[in-house]
Amino acid sequence: MDFNALLRTCTCARALKRLHALLLVSGRSGDVFLYTKLVTIYSLLGDRRSSLLSFDQITGKNIFTWNSLISGHTRSGRHSEAVGCFHRLVTETSVRPDAFTFPAALKACEQPADARRLHAWILKLGFQWDLFVSASLVHAYSRSCLMADARKVFDDMPVRDLASWNAMISGFCQNGNAAEALSVFEEMVKRGVGVDPVTITSVLPVCPPLGNLPVGLSIHSHVVKRGLDGDVFVSNALVNMYSKSGCLGDARQIFDAMPERDLVSWNSMISTYEQGGDSNTAFEFYHRMKVSGIEPDALTLVSIASAASQIGDAQNGRSVHAFLLRRGLDSARILVGNAVVDMYAKLNDMASARRVFDGLHTRDVISWNTLITGYAQNGSAREAIDAFHALQEQEVITPSQGTLVAVLPAYAHVGSLQQGMRIHGLSIHIGLKSDVFVSTCLIDMYAKCGRLGDAVLLFREAPRRSSIPWNAIIAGHGIHGHGEQAAKLFREMEEEGVKPDKVTFISLLAACSHAGLVDQGQSFFQSMHSKYGIEPTRKHYACLVDLLSRAGDLDAAHDCIRSMPMKPDASVWGALLGACRIYGNVELGALAFERLSEIDPENVGYYVLLSNMYAKVRKWQGVDEVRSLVKNRGLKKTPGWTSMEVGTEVHVFFTGSFSHPRSEEIYKELRALLERMKALGYVPDHSFVLQDVEEDEKEHILQSHSERLAIAFGIINLPPGTPISIFKNLRVCGDCHSATKFISRLTEREIIVRDSNRFHHFKDGLCSCGDYW
DNA sequence: ATAGGGTTAG
């Protein structure tokens with residue numbers, strides 16, 4: 001029987017197994033020639049066990065046998081096994097490696113030490129003059145980031161083929177040394193070595209990170225000149241080069257001109273559109289891809305998941321998830337699981353995000369960062385912090401830049417200075433303190449935790465070439481009411497040649513608004529478009545409306561809303577309603593509320609504002625109506641709470657609660673304070689109580705507001721003269737605001753209250769906001 | 001009978 005011919009026809013595992021069984025009984029069991037072929041075919045079919053079994057059955061293994069085994073391991077990604085086999089071969093047998101052995105073993109090298117050890121064997125056995133062996137060595141070194149060694153081997157080669165040159169280029173690329181990669185390419189062209197599709201696909205990806213479009217264009221013309229543009233790999237690389245350089249049109253043109261397209265071509269276009277924020281076109285390409293008969297892979301679905309979350313398309317999102325589960329792609333790659341977690345988080349469905357996260361077989365640092373960011377961006381700072389703590393218990397995973405950027409805003413949000421400082425320490429420890437994003441989050445955290453001075457110090461040390469840290473420090477001055485400082489920083493930013501962006505103007509306008517700098521704010525708003533070419537968004541209009549209306553010019557604010565080129569959203573009407581409450585403008589307030597209840601009917605905050613507005617002008621009927629509206633619609637007032645950090649502990653106080661262990665003393669202190677405050681002229685303002693209760697009950701509610709409990713706790717807990725720093729989850733109550741002024745005078749303490757909007761520094765009976773809030 | 005270099009990524 002001609003087993004050799006039969007083996008050649010075996011393309012499926014079952015046929016091969018039958019033949020293998022036949023071999024066992026045919027008297028040719030263990031035949032070197034036939035069984036070596038078995039090793040190869042089993043390994044090609046992915047059957048590691050049978051491949052190893054055949055290998056063991058061979059009597060008199062020769063170098064062909066070993067080469068088959070080593071390359072089989074390598075091909076299947078079992079790199080350390082391949083390297084191990086090589087060592088067994090050279091140390092435990094008398095079989096001599098040949099020129100085929102080294103390329104296969106070198107391909108499996110993952111550690112720098114592996115490459116060096118193999119290099120030593122190559123020298124010992126005299127294979128350094130073999131072209132294939134040296135070229136593989138160049139590549140092994142460059143993959144291990146040992147570019148000096150790679151270069152040395154490369155320079156010593158008497159003859160170099162294209163593959164060696166290509167290996168040098170891709171080595172430099174993978175080590176992030178784009179400039180070197182390019183210079184190797186230029187040398188190739190200069191020396192007339194010639195280029196092939198592999199050269200092009202290796203060198204093109206370095207152009208976008210270098211910002212060097214001209215080189216990209218010249219490579220493109222090279223491609224056309226040499227007629228390489230028919231190669232799918234080359235076209236794909238061109239598409240990516242153009243799309244990453246921001247030339248979407250050119251990318252599209254290349255794609256459209258491609259005679260045939262593969263999975264990568266489609267994936268590239270889909271991810272390009274998705275990253276460019278054009279989710280609809282991404283979906284369109286996804287459908288065209290399926291129509292053209294190409295099956296999506298994990299990467300496709302990563303882009304599609306992200307596209308679905310961008311357009312808030314929960315239905316498509318869920319169907320992407322279902323598709324992934326059906327195809328069994330979720331366990332294949334962490335990448336996909338992370339993308340699905342991210343997708344649900346962006347669709348504001350943290351319960352599903354958590355379920356997918358919990359179900360992941362393995363989690364990497366990105367999985368955790370995605371979860372933490374999801375919680376933080378859905379306003380669940382506590383859960384974000386808990387998730388971060390859970391991550392820290394996983395000793396195998398080291399926090400990354402993304403982790404710090406995810407958790408710092410959560411600490412900033414709850415005003416946890418001590419914990420934030422711990423992260424500052426961690427950032428230094430893991431060498432990320434001069435990362436732009438990390439420093440910006442630290443600046444933001446210090447500012448929001450009341451340490452504007454420290455925020456400024458950090459800002460002065462941070463890299464300041466991009467607008468990002470500037471935006472944070474400007475916003476920081478804004479929430480502390482230092483509008484003039486914010487404007488000064490903006491001018492400094494301009495002088496340093498840093499281009500402001502959309503966020504810069506939001507920070508700046510908010511700062512002007514908090515400080516009552518109406519004229520400056522308006523002129524910044526004007527210059528935003530005329531001088532910087534930035535189109536104002538709804539958020540910018542919201543800031544402007546806030547600025548005008550807070551200053552008392554409610555009509556101008558209303559005109560501003562009417563002049564908006566887009567439909568005003570809740571933040572715009574909310575700003576107006578807030579001001580109507582301050583000035584008691586019932587008509588305009590009712591109008592704003594009407595719009596708000598169309599846009600965001602579930603948000604109780606607006607009902608509270610409306611009720612307070614009626615109370616302000618003593619329209620008790622209005623107050624009653626709002627109260628029953630809240631009741632009828634089944635809405636619950638967001639519970640108010642205030643937190644205070646003492647050392648590493650965080651104390652949380654809820655309005656009217658006795659849950660704190662020192663409640664008795666706290667209420668006693670508050671009663672004593674109230675008498676002394678009244679003697680100084682404090683009159684409780686019951687209009688801030690929304691509940692429908694008797695007058696004396698209203699007084700009791702006011703006196704047990706969470707901010708007061710926290711302040712009283714500070715008074716009895718902290719040594720006299722120490723400032724008291726607290727954080728309130730909602731806006732500070734108006735009556736508490738005036739009470740705090742009295743308390744600061746009576747106790748001769750600085751009291752710093754951060755609320756959901758800004759800072760209030762109380763001192764000697766006055767507040768830094770000048771009651772302008 | 002056995003071999004080296006390539007494109008997409010949160």
Side-chain angles (χ1 to χ4, degrees), chain A residues 4 7-8 31-41 43-44 58 62-72 74-75 97-109 130-140 142-143 160-171 173-174 195-205 228 231-241 243-244 251 262-272 274-275 297-303 305-306 333-343 345-346 364-367 369-370 373 400 402:
Chain A
N4 189 24
L7 273 170
R8 237 193 299 261
D31 179 287
V32 183
F33 184 88
L34 293 175
Y35 270 61
T36 297
K37 201 148 190 178
L38 269 185
V39 171
T40 310
I41 304 176
S43 129
L44 278 172
I58 299 173
N62 61 23
I63 190 58
F64 291 96
T65 320
W66 283 95
N67 288 349
S68 297
L69 188 70
I70 293 170
S71 59
T74 308
R75 242 197 325 266
D98 67 2
F100 286 79
T101 318
F102 292 100
L106 282 164
K107 197 184 175 188
C109 287
D130 185 283
L131 182 61
F132 265 30
V133 173
S134 300
S136 302
L137 188 58
V138 168
H139 196 250
S142 60
R143 243 185 309 127
R160 302 179 192 112
D161 64 358
L162 256 177
S164 331
W165 285 92
N166 293 343
M168 287 300 289
I169 293 179
S170 71
C173 293
Q174 274 150 37
V195 297
D196 71 353
V198 180
T199 321
I200 302 297
T201 39
S202 307
V203 77
L204 270 177
L228 298 171
D231 187 279
V232 184
F233 272 64
V234 169
S235 298
N236 289 345
L238 280 170
V239 166
N240 284 306
M241 189 274 292
S243 78
K244 282 204 194 124
D262 66 1
L263 180 62
V264 175
S265 327
W266 288 101
N267 281 354
S268 302
M269 290 313 289
I270 293 169
S271 94
T272 297
E274 177 266 308
Q275 305 233 310
D297 73 344
L299 235 50
T300 322
L301 293 154
V302 167
S303 298
S306 174
R333 292 168 86 168
I334 301 184
L335 179 73
V336 179
N338 293 349
V340 177
V341 174
D342 186 53
M343 179 191 77
K346 291 211 177 97
D364 62 3
V365 69
I366 310 268
S367 324
N369 295 352
T370 308
T373 309
S400 70

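Values below: all heavy atoms of this structure, side chains included; hydrogens, waters and symmetry mates excluded.
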Specify the separation, in whole Å, of atom [atom1] of [X] and atom [atom2] of [N].
X	N	atom1	atom2	result
Leu106(A)	dA3(B)	CG	P	15 Å
Asn240(A)	dT7(B)	CG	P	10 Å
Met168(A)	dG5(B)	CE	P	15 Å
Asp161(A)	dG5(B)	CG	C1'	9 Å
Phe102(A)	dG5(B)	CZ	P	16 Å
Leu299(A)	dA9(B)	CG	C1'	5 Å
Phe233(A)	dT7(B)	CZ	C1'	6 Å
Met241(A)	dA9(B)	CE	C1'	19 Å

Under 4.0 Å, counting only non-hydrogen atoms across every strand here, what does [X] touch: a base, just sugar-phosphate, or nothing?
X	value
Asp130(A)	nothing
Ala135(A)	base
Ser136(A)	sugar-phosphate
Asp231(A)	base
Lys244(A)	sugar-phosphate

Listed nucleotide nearest any side-chain atom of [X], set [options]:
X	options	value
Thr201(A)	dT2(B), dT7(B), dG10(B)	dT7(B)
Ser271(A)	dA9(B), dG4(B), dG5(B)	dA9(B)
Gln174(A)	dA9(B), dT2(B), dG6(B)	dG6(B)
Asn67(A)	dT2(B), dA1(B), dG5(B)	dT2(B)
Val302(A)	dG10(B), dG6(B), dT8(B)	dG10(B)
Pro103(A)	dG4(B), dT8(B), dT2(B)	dG4(B)
His139(A)	dG6(B), dT8(B), dG10(B)	dG6(B)

Set out, in order, the CA-CA distance, both residues' side-chain angles and the distance that settles side chain to side chain contact (heavy atoms under 4.5 Å, CB included) for Phe33(A) and Asn4(A), then state yes or no.
CA-CA 9 Å; Phe33(A) 184 88; Asn4(A) 189 24; 3.7 Å; yes
Any donor-acceptor pair under 3.5 Å between the side chain of Asp196(A) and the base of dG5(B)?
yes
Has the side chain of Ser202(A) got a donor or acceptor atom sitting under 3.5 Å from an opposite partner on the base of dG6(B)?
no
With a cut-off of less than 4.0 Å, is there a side-chain N or O of Arg75(A) near OP1 or OP2 of dT2(B)?
no
Distance check: side-chain N/O of Gln275(A) vs OP1/OP2 of dT8(B), anything under 4.0 Å?
no
Determine whether Asn236(A) and Asn267(A) satisfy the following criterion, side chain to side chain donor-acceptor pair (under 3.5 Å), listing intermediate values before the conclusion.
CA-CA 10 Å; Asn236(A) 289 345; Asn267(A) 281 354; over 6 Å; no
Can you check whether Leu162(A) reaches Val198(A) side chain to side chain, under 4.5 Å on heavy atoms?
no
Can you tell if the side chain of Leu204(A) reaches within under 4.5 Å of the side chain of Asn240(A), non-hydrogen atoms only?
no
Under the side chain to side chain donor-acceptor pair (under 3.5 Å) test, which residues partner Thr40(A), sequence neighbours left out?
Ser68(A)
Would you please name every residue forming a salt bridge (charged side-chain N to carboxylate O under 4.0 Å, His left out) with Asp130(A), sequence neighbours left out?
none
Under 5.5 Å and under 30°: Phe100(A) stacked on dT2(B)
yes
